[in-house]
Structure formats: structure tokens, C-alpha cells
Amino acid sequence: MSATAVTSISKGSTKFYEASVGKKVVHAVTGCILVLFVLGHLVGNLQVFMGAEQINEYARLLRNLHGMIWVVRAVVLVAFVWHIIIGIQLWLTNRAARPVDYQKRKWVKASFASRTMIITGPLVLAFVIYHLLDLTFGVVHPNFNHNLNVYANIVSDFQRAPIAIIYIVAMIVLGYHMSHGIWSMFQSVGLNGPRWTPFIQKCAWVIAVLFVIGMSSIPVSVMIGLIHQ
């Protein structure tokens, strides 16, 4: 491939990204990566209901993947940061296109989830940072066990009611963000319209609700003693 061709492709890619539609497509792709990750995270976390041996063995399996797990983490991290940056850029672009704030807003076909994406996004970011410091690195976890005893870490963490409540609220916020984000991904790549949009929106809500129920069931089960040491 000639240098001219490479330069043309590079310029074309830059123009595509700089355009609003390009940003929306990249935002959709990074969002898809993050949705797949959190759903996979849910499947892994639900193994806590199978007992300490099962989820601890799952943690050891992930640790034994060595380089592969770091590749996955790097991809998720890049997708997460890029998703946030593009989300802010798109919000600023939309805001600049309507500089005059109406005295009486009329939200046309805009759900509560869609109107609060710019709020729920930073809240999710704050929770992710806290979650990493809590159950990944154990920095803010007072009884953290560094010997891959994931079960003990989860139980001791959620036995503190305020922490359990923080996690439940965070899952609800993330669920709201996902409910709009999932169907918005399809809209960004052109899969929308009167035939597809209602169906995709319902599917997005079902996935988000199931995610919230699944993730919230863990701290709730610890608090009521269903999961215990």
C-alpha cells in the first residue's frame, strides 16, 4: 500500500471521527464492549450463590489467564475512557446546537434515562473507581483478603449495610444508563424506525432490569443472611 493511500485512509478516518455520526458510531461500539463486559461480570459474580469454593475457583481461573486478562482489562479501560470522552463531546455538541434554554422544556419522545445520561455517566464512573478500590485492590475494604478469597471479601463487605446500599443504588443508576444506552447503540448504527425501535427499547429495558436484579441480589442476600461465612 502506497504512502498516499495510507494518508488518504488516515484523513478519511479522521474526518469520520470528527463528524457527529462518526462519534456516535464509536460511542456505540465502545458502549457495546462495556455492556458485554458488565453482563459477563454479572455471570461471574452470580457464582457466589454456588458457594465459596466455586467463586474462588473462578477468581483463580481468571488470575491464571495471565496476559489474556490484562488484554481484556486494557480493551475495557480504553473503551471506558473513550466512551466517556465521546459522550461528553456529543453532549456539548447537542447543547451548543440549542444555546437558548427554554423557559418550559418539552421533552419529545425523551425518557428519563435519556435525559439523565450526562448525570448517570459520571456517577457510574465514580462507582467504578470506588469498586476497584474496594473489591479489586482492597484499599478501602477494612477486611480485605488478598489470597483470592473473593467469597469472604464479598460477604464481609456487604455485611456493612451502608456499603451494600451504595452498591444497590449504583446498580440502579447503571441500569438506567444501560436501558437507554443499549437501544441508543442500535440507533447510532442505523437500526431504528417505527418497526425496530419499540422492540429494541423493550429488550434494552429487560436486559437492564435483569442486570439490576442480578447484581443487587448479591448484597441483599448477604444482608439477609442467605449468603454468609
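Residues take their numbers from the sequence shown, with the count starting at 1.
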> Val140, Val150: one ILVMFWY side-chain cluster at the under-4.5 Å cut-off?
Replying inline: yes

> What is the distance from atom CZ of Phe186 to atom CD1 of Ile200, rounded to the nearest 0.5 Å?
Replying inline: 5.5 Å

> Going through the checks in order, is the side-chain contact (heavy atoms from CB on, under 4.5 Å) test met by Asn143 and His141?
Replying inline: CA-CA 6 Å; Asn143 303 308; His141 193 311; 4.0 Å; yes

>> Looking at every non-hydrogen atom in both residues, tell me the closest pair between Ile33 and Ala79 and how far apart they are.
In response: CG2-CB, 4.0 Å

>> If hydrophobic clusters are built by linking Ile, Leu, Val, Met, Phe, Trp and Tyr wherever their side-chain heavy atoms come under 4.5 Å apart, do Val124 and Leu132 end up in the same one?
In response: yes

> Are the side chain of His83 and the backbone of His27 linked by a donor-acceptor contact shorter than 3.5 Å?
Replying inline: yes

> Which pairs with one or both residues in residues 153-174 pass ring-ring contact (aromatic ring centres under 6.0 Å, His included), sequence neighbours excluded?
Replying inline: Phe127-Tyr167, His131-Tyr167, Phe158-Tyr167

> With a 4.5 Å limit on heavy-atom distance, are the side chains of Asn45 and Met215 in contact?
Replying inline: yes

> Do Leu133 and Met171 share a hydrophobic cluster, counting only Ile, Leu, Val, Met, Phe, Trp and Tyr and linking them when any side-chain heavy atoms are less than 4.5 Å apart?
Replying inline: yes

>> Within this structure, what is the CG-OG distance for the pair Leu46 and Ser217, rounded to the nearest 0.5 Å?
In response: 5.5 Å

> So which heavy atom on Pro219 is nearest to which on Ile168, and how close?
Replying inline: CG-CG1, 3.7 Å

> Can you check whether Arg60's main-chain N or O pairs, donor with acceptor, with Asn64's side chain at less than 3.5 Å?
Replying inline: yes

> What are the two closest non-hydrogen atoms of Val76 and Leu34, and how far apart are they?
Replying inline: O-CD2, 3.9 Å

>> Using the rule given for side-chain contact (heavy atoms from CB on, under 4.5 Å), can you reason through Met178 versus Val212, listing the C-alpha separation, both sets of side-chain angles and the distance that settles it, and then say yes or no?
In response: CA-CA 10 Å; Met178 288 174 59; Val212 173; over 6 Å; no

> Looking at CD1 of Ile154 and CG of Asn145, how far apart are the two atoms once the value is rounded to the nearest 0.5 Å?
Replying inline: 12.0 Å

> Can you find a pair of side-chain heavy atoms, one from Val78 and one from Thr30, that are under 4.5 Å apart?
Replying inline: no

> Got Lys23 and Gln89 here, is their nearest side-chain heavy-atom distance under 4.5 Å?
Replying inline: yes

>> Working to the nearest 0.5 angstrom, can you tell me the gap between Leu148 CG and Asn56 CG?
In response: 7.5 Å

> What's the verdict on side-chain contact (heavy atoms from CB on, under 4.5 Å) for Lys202 and Trp183, showing C-alpha distance, side-chain angles and the deciding distance?
Replying inline: CA-CA 9 Å; Lys202 290 178 181 178; Trp183 83 262; over 6 Å; no

> What are the two closest heavy atoms between Ala28 and Met185, and how far apart are they?
Replying inline: O-SD, 3.4 Å

> Is there a donor-acceptor pair under 3.5 Å between the side chain of Ser216 and the backbone N or O of Ile213?
Replying inline: no

> Is a donor on one side and an acceptor on the other found under 3.5 Å between the side chain of Ser179 and the backbone of Tyr176?
Replying inline: yes

> When rounded to the nearest 0.5 angstrom, what is the spacing between OH in Tyr58 and CG in Leu61?
Replying inline: 8.0 Å

> Just wondering, more than 12 heavy atoms not from Phe49 lying within 6.0 Å of its CZ?
Replying inline: yes

> Within a reach of under 6.0 Å around CD of Glu53, are more than 12 heavy atoms found that belong to other residues, nucleotides or ligands?
Replying inline: no

>> I need the Ile129 CD1 to Asp134 CG distance, nearest 0.5 Å.
In response: 13.5 Å

>> The criterion is ring-ring contact (aromatic ring centres under 6.0 Å, His included); which residues satisfy it with Phe211, sequence neighbours excluded?
In response: none

> Going through the distances and angles, do Tyr130 and Ile163 end up as a side-chain contact (heavy atoms from CB on, under 4.5 Å)?
Replying inline: CA-CA 11 Å; Tyr130 174 79; Ile163 302 302; 3.2 Å; yes

>> Count I, L, V, M, F, W, Y as connected when their side-chain heavy atoms are under 4.5 Å apart, and connections chain through other members. Are Val139 and Leu125 then in the same cluster?
In response: yes

> Quick one: does Tyr151's side chain get under 4.5 Å of Gln229's, heavy atoms only?
Replying inline: yes

> Does Val38 share a hydrophobic cluster with Val48, counting links as ILVMFWY side-chain heavy atoms below 4.5 Å and allowing steps through other members?
Replying inline: yes

> At their closest point, which heavy atom of Thr136 faces which heavy atom of Phe144, and how far apart are they?
Replying inline: O-CZ, 3.7 Å

